[in-house]
Chemist: 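Here's a structure for you.
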Amino acid sequence: MTKFRYALVESDSLSIAEQDAAFRKMELPIVALVHSGGKSLHAIVHIDADDYIEYRKRVEFLYDFLEKNGVSIDKQNRNPSRLSRMPGITRNGNRQYLVAANLGRKSWNDWMDYAEGVSDELPDMVSLDTYKNNPPELPEELIEGILRRGHKMLISGSSKAGKSFLLMELCIAIAEGRTWLGFPCKKGRVLYVNLEIDPASAICRFLKIYDALGLKMQNTENIVV
């Protein structure tokens, strides 16, 4: 094989009508949809790979995507030289025929936009009744009464209101295990990302805040800039 343009998708576990509906619903980039003369449809799907390695990766993704969405696939068809049925030829007394051509998305990359939108990897929905007598354990508090581990917090305000210094004070409070605006903080490591000023100025700000707060620099290894 020198070209890796298409892959064969076939399912024997669904009825012909269910296969047809599933392939269309999932907007597979099908160049030809062929009735096998048996119990399956053969979908010839755009893969558009540059080489065999990329072909295998894309076919694995395609098959896994279909499996996760309720379409069991014959995985023997992952070979790039796998042949399909011949429209117009009789097989065991049944005619094979072309069902449709150029269905769904126009290319593999176009289809990936669809697939990534469907595969959002959101967690499963759970009934609140599940936790009625067994409430889940809450993550530990990083800022008592305000922020827990794994949660997010946004500080907003007008320009020059002091947001950067406030965040730096928070970094120090967590690094040293002290209070921030009167709220106790759990001691831990902090990553401070500076996208605003030059590195030297950012470092000097931390040093000046330590000095202004009258704190000894005992746990500065907990702050990574």
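Worth knowing before you read on, the calculation uses all heavy atoms, side chains too, and leaves out hydrogens, waters and symmetry mates.
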Chemist: Is the count of non-hydrogen atoms from other residues, nucleotides or ligands lying under 6.0 Å from K75 atom NZ greater than 12?
Modeler: yes

Chemist: Decide yes or no for F23 and L103: does some side-chain heavy atom of the first lie under 4.5 Å from some side-chain heavy atom of the second?
Modeler: no

Chemist: For I53, look at atom CD1 and say whether over 12 heavy atoms of other residues, nucleotides or ligands are found less than 6.0 Å away.
Modeler: no

Chemist: Please round to the nearest 0.5 Å and tell me the distance separating atom CD of E144 and atom SG of C185.
Modeler: 9.5 Å

Chemist: Can you name the closest pair of heavy atoms from A43 and I30 and give their distance?
Modeler: CB-CD1, 3.9 Å

Chemist: Nearest 0.5 Å please: distance from the CG atom of L33 over to the CG atom of L98.
Modeler: 7.5 Å

Chemist: Do I209 and F165 make a side-chain contact, defined as non-hydrogen atoms from C-beta onward lying under 4.5 Å apart?
Modeler: yes

Chemist: Can you check side chain to side chain contact (heavy atoms under 4.5 Å, CB included) on L207 and M217, steps first, answer last?
Modeler: CA-CA 9 Å; L207 302 180; M217 302 179 68; 3.3 Å; yes

Chemist: Within a strict 4.5 Å, meaning less than it, do heavy atoms of the V31 and N102 side chains meet?
Modeler: yes

Chemist: Rounded to the nearest 0.5 Å, how far apart are CG of L167 and CE of M153?
Modeler: 7.0 Å

Chemist: Which distance, rounded to the nearest 0.5 Å, do you find between the CD1 of I73 and the CZ of F65?
Modeler: 11.0 Å

Chemist: How long is the straight-line distance from OH of Y97 back to OG of S36, given to the nearest 0.5 Å?
Modeler: 9.5 Å

Chemist: Taking the side chain as C-beta and beyond, is there a heavy-atom pair between R205 and I197 under 4.5 Å?
Modeler: yes

Chemist: Report the C-alpha distance between I143 and L170 in whole Å, list the side-chain angles of each, state the deciding distance to 0.1 Å, and finish with yes or no for side chain to side chain contact (heavy atoms under 4.5 Å, CB included).
Modeler: CA-CA 9 Å; I143 308 173; L170 175 58; 3.5 Å; yes

Chemist: Give a yes or no on whether the backbone of L166 and the side-chain of W180 come within a donor-acceptor separation of less than 3.5 Å.
Modeler: yes

Chemist: Does any N or O in the side chain of Q218 come within less than 3.5 Å of the main-chain N or O of E176, such that one atom is a donor and the other an acceptor?
Modeler: no

Chemist: Working note: I44 + L8, criterion side chain to side chain contact (heavy atoms under 4.5 Å, CB included); need CA distance, chi angles, decisive distance, verdict.
Modeler: CA-CA 5 Å; I44 312 301; L8 173 59; 3.8 Å; yes

Chemist: Any ion pair linking D211 and K208 (charged N to carboxylate O, less than 4.0 Å)?
Modeler: no

Chemist: Please determine whether side chain to side chain contact (heavy atoms under 4.5 Å, CB included) holds for the pair L62 and L28, giving the CA-CA distance in whole Å, both sets of side-chain angles, and the decisive distance to 0.1 Å.
Modeler: CA-CA 9 Å; L62 173 65; L28 295 183; 3.9 Å; yes

Chemist: Would a 4.5 Å heavy-atom cut-off, applied to side chains only, mark L213 and R178 as touching?
Modeler: no

Chemist: Ignoring hydrogens and angles, state whether a donor on the side chain of S107 or D110 is under 3.5 Å from an acceptor on the partner side chain.
Modeler: no

Chemist: Which residues pass the side chain to side chain donor-acceptor pair (under 3.5 Å) test with Q96, sequence neighbours left out?
Modeler: none

Chemist: Please answer whether the main-chain N or O of P139 pairs with a side-chain N or O of R148 as donor and acceptor at a distance below 3.5 Å.
Modeler: yes

Chemist: Heavy-atom distance under 4.5 Å between the side chains of L181 and E169, does that happen here?
Modeler: no

Chemist: What is the distance from atom NZ of K57 to atom CG of D51, rounded to the nearest 0.5 Å?
Modeler: 8.5 Å

Chemist: Checking D48 side chain against W108 main chain: does a donor-acceptor pair fall under 3.5 Å?
Modeler: yes

Chemist: Between V59 and A7, which heavy-atom pair has the shortest distance, and what is it?
Modeler: CG2-CB, 3.8 Å

Chemist: So for atom CE, which belongs to M86, do other residues, nucleotides or ligands contribute more than 12 heavy atoms lying within a distance under 6.0 Å?
Modeler: no

Chemist: Quick one: sort the Y52 and Y55 rings into parallel, tilted or perpendicular, breaks at 30° and 60°.
Modeler: parallel

Chemist: Applying side chain to side chain donor-acceptor pair (under 3.5 Å), can you list everything that pairs with E27, at least two apart in sequence or on another chain?
Modeler: R105

Chemist: So, for I16 and G38, which heavy atoms are closest and what is the spacing to 0.1 Å?
Modeler: CD1-O, 4.4 Å

Chemist: Do the rings of W111 and F61 sit parallel, tilted or perpendicular, given the 30° and 60° boundaries?
Modeler: perpendicular

Chemist: Looking only at heavy atoms, what is the nearest atom pair of V71 and A22, with distance?
Modeler: CG2-CB, 3.8 Å

Chemist: Using the test salt bridge (charged side-chain N to carboxylate O under 4.0 Å, His left out), find all partners of E54 that sit at least two apart in sequence or belong to another chain.
Modeler: R58

Chemist: With sequence neighbours excluded, give me every salt bridge (Lys or Arg N to Asp or Glu O under 4.0 Å) pair touching residues 3-22.
Modeler: D20-R24

Chemist: List the residues meeting side chain to side chain donor-acceptor pair (under 3.5 Å) with S13, not counting sequence neighbours, and say none if there are none.
Modeler: S11

Chemist: Which residue pairs pass the salt bridge (Lys or Arg N to Asp or Glu O under 4.0 Å) test with at least one member in residues 182-197, sequence neighbours excluded?
Modeler: E140-K186

